[in-house]
Protein chains: 2
Amino acid sequence: MSKSNRSGSVELSDLLCFDIYSAARAITRAYRPLLATLGLTYPQYLVMVALWESAPRTVKDLGESLELDSGTLSPLLKRLEAAGLVTRQRRRNDERTVEITPTPGGRALLRAAERVPTEMASLMGISGAEERKLRTILGRLTASLDRPADGAPAPKA
Amino acid sequence: MSKSNRSGSVELSDLLCFDIYSAARAITRAYRPLLATLGLTYPQYLVMVALWESAPRTVKDLGESLELDSGTLSPLLKRLEAAGLVTRQRRRNDERTVEITPTPGGRALLRAAERVPTEMASLMGISGAEERKLRTILGRLTASLDRPADGAPAPKA
DNA sequence: GACAATTAGATTGCGTGCTATAGAATTCAG
DNA sequence: CTGAATTCTATAGCACGCAATCTAATTGTC
C-alpha cells in the first residue's frame, strides 16, 4: 500500500533501486575509515579478501569472483602491486594469463583486517535473521537481473 | 548456521556488503540499456526523477535527496545542461544558491521514462512482499550506517 | 604447419563518488 | 557597521566501473 503513483509519474521514494544504491554507498562510506588504516579502498579490500581465500589467482578468476572486468582490475592490481601487497606474473605455460599472488606484506595484512568484518557488523546493526533474509532476496534479485530471461512476477523498479 | 569462519579468516561469500555491492552494480547494469534510449546515465536519471517530482530545486536540495555532494552533482548537472535537459540559474535574492529547472525537453522526457520502472520491475523478478521486506531492512541498515552511534546487535559485515 | 577464431589482459575514454580546497555571498556578533 | 563565521557551489585530484578497442598468445581446423 502507498507506493502507486496517481498518474504515470515516477518518484524517488518509490524506487527500490534507489534504496539499494543508497545502501551500497552507505556501506562504502562506512568502510572507508576502517580500510584507510589498512591503506586499502573498498574494491581493493575485496580483491585482497579473494586472495586471502586462495592464491595465486588469475586476473580472469578474480574478475569472475568479483564481477569486475580487466578495465577495472588491471589498474587496481597495479596499485596493489605498487603498494607492495601483490605480485603480478605471467604464467609460464600460458603467457596470456597473469597470476596475482599476495606478497608476505599482503598476507600479513590479513591479521589487521580480521577485525574489519566485526566492526562493520556492529555498524550495520541488523539481526542475524534480517541478514539472512536480506541476502536471500538480494541473491535472487541479482541473479534475476544478470539473466534477463526469467519468469517471475513484477515488483517495483 | 554455516557462515562462521573456522579461523579468523575472511571470505567473500561471508560478506553481506558484497551482496549489496553486487546487487547495486547489477541494477545499474540492467538500467543502462533502458536509460541509453533516453540519453541518461543512472545517476542522471535519479536527478531527473527528483526534478520531475518538483522543480525548481537547488543543488543543495538535490544533494540531500540523493545523498550526493556538489563534487558529484556539479559536473553531472553541467552535463544535463549541455544535453538541454535542465537550466541552472543563480537565485536573485541569494546568489549562493543555484536553481535547477527542467527545460521543456527535460519535462517531455518524463513520458518516455514512464515505462522504465515497469520494465525494471519485471527484470528484478521479486514479489511485492519481498520488495517490502527488502526495503525495510535496507532502510534500517542505511540509517544505522549513517548514524554510527547506534545501539543494535551485531550481524555480519 | 599455416591461418582463422578465440582468449587473456591492457589501454583509452567517460561518468560517477568522494575528499579537500577554494571562492563568493550571506549571516551573525559585538 | 564591520569583521568573523557560515553557507552554497565549484574545482581539482584520485579511484573506481564499464564499454570499446587493441595486442599478444593460444587453440582449432584444415
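Every value quoted in this text rests on a predicted model; they were computed, and no experiment measured them. All values below come from the heavy atoms of this structure, side chains included, with hydrogens, waters and symmetry mates left out. Here is the naming used below: chain letters follow the sequence lines, and residue numbers restart at 1 for every chain.
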Touch class at under 4.0 angstrom, heavy-atom based, for B:R88 against every strand present: sugar-phosphate

Heavy-atom donor-acceptor pair, B:T103 side chain to B:G106 backbone, under 3.5 Å: yes

Length of the CG-P vector between A:L73 and D:dC18, whole Å: 10 Å

Any residue meeting side chain to side chain donor-acceptor pair (under 3.5 Å) with B:R115, in chain and number order, not counting sequence neighbours: B:T37, B:E119

B:S22 backbone acceptor or donor facing B:D19 side chain under 3.5 Å: no

Side chain B:R90, main chain B:R96, donor-acceptor under 3.5 Å: yes

Sugar-phosphate or base contact per nucleotide [nucleotides 2-8 of chain D; S, B, -; heavy atom under 4.0 Å]: -----BS

Distance below 4.0 Å between A:K78 side-chain N/O and C:dT11 OP1 or OP2: yes

Atom-pair distance (CD on A:Q89; C1' on C:dG9), nearest Å: 16 Å

Between C:dG15 (C1') and B:E81 (CD): distance, integer Å: 17 Å

Touch class at under 4.0 angstrom, heavy-atom based, for A:N93 against every strand present: sugar-phosphate

Length of the CG-P vector between B:L46 and C:dT16, whole Å: 10 Å

Identify the pairs formed between an N or O of the protein and an N or O of nucleotides 14-17 of chain D at a distance under 3.5 Å, and give each distance.
unit_1 : atom_1 : unit_2 : atom_2 : d
D:dC16 : OP1    : A:T41  : OG1    : 2.7
D:dC16 : OP2    : A:Q44  : NE2    : 2.8
D:dC16 : OP2    : A:R79  : NE     : 2.8
D:dC16 : OP2    : A:R79  : NH2    : 3.0
D:dC16 : O5'    : A:R79  : NH2    : 3.1
D:dG17 : OP2    : B:Y21  : OH     : 2.6

Gap between atoms CG and P, on A:L66 and D:dC18 respectively (whole Å): 11 Å

Euclidean distance, atom OH of residue A:Y31 to atom P of C:dC18 [Å, nearest integer]: 16 Å

Contact list for residues 44-70 of chain A, test ring pair (Phe, Tyr, Trp, His ring centres under 6.0 Å), sequence neighbours left out: A:Y31-A:Y45

Contacts of type side chain to side chain donor-acceptor pair (under 3.5 Å), residue B:R25, not counting sequence neighbours: none

Non-hydrogen side-chain atoms of B:L68 and B:L46 separated by less than 4.5 Å: no

Interatomic distance where CD belongs to B:E95 and C1' belongs to C:dT27 [whole Å]: 16 Å

Test item: A:V98 and A:L77 side chains (from C-beta on) under 4.5 Å apart, heavy atoms: no

Distance below 4.0 Å between B:S70 side-chain N/O and D:dT9 OP1 or OP2: no

Pairs touching residues 52-61 of chain A that satisfy salt bridge (charged side-chain N to carboxylate O under 4.0 Å, His left out), sequence neighbours left out: A:R57-A:D61, A:K60-A:E64

Residue mapping more 5' on DNA chain C - nearest nucleotide basis, A:E99 or A:A26: A:E99

Interatomic distance, B:D61 CG vs D:dT9 P [rounded to whole Å]: 9 Å

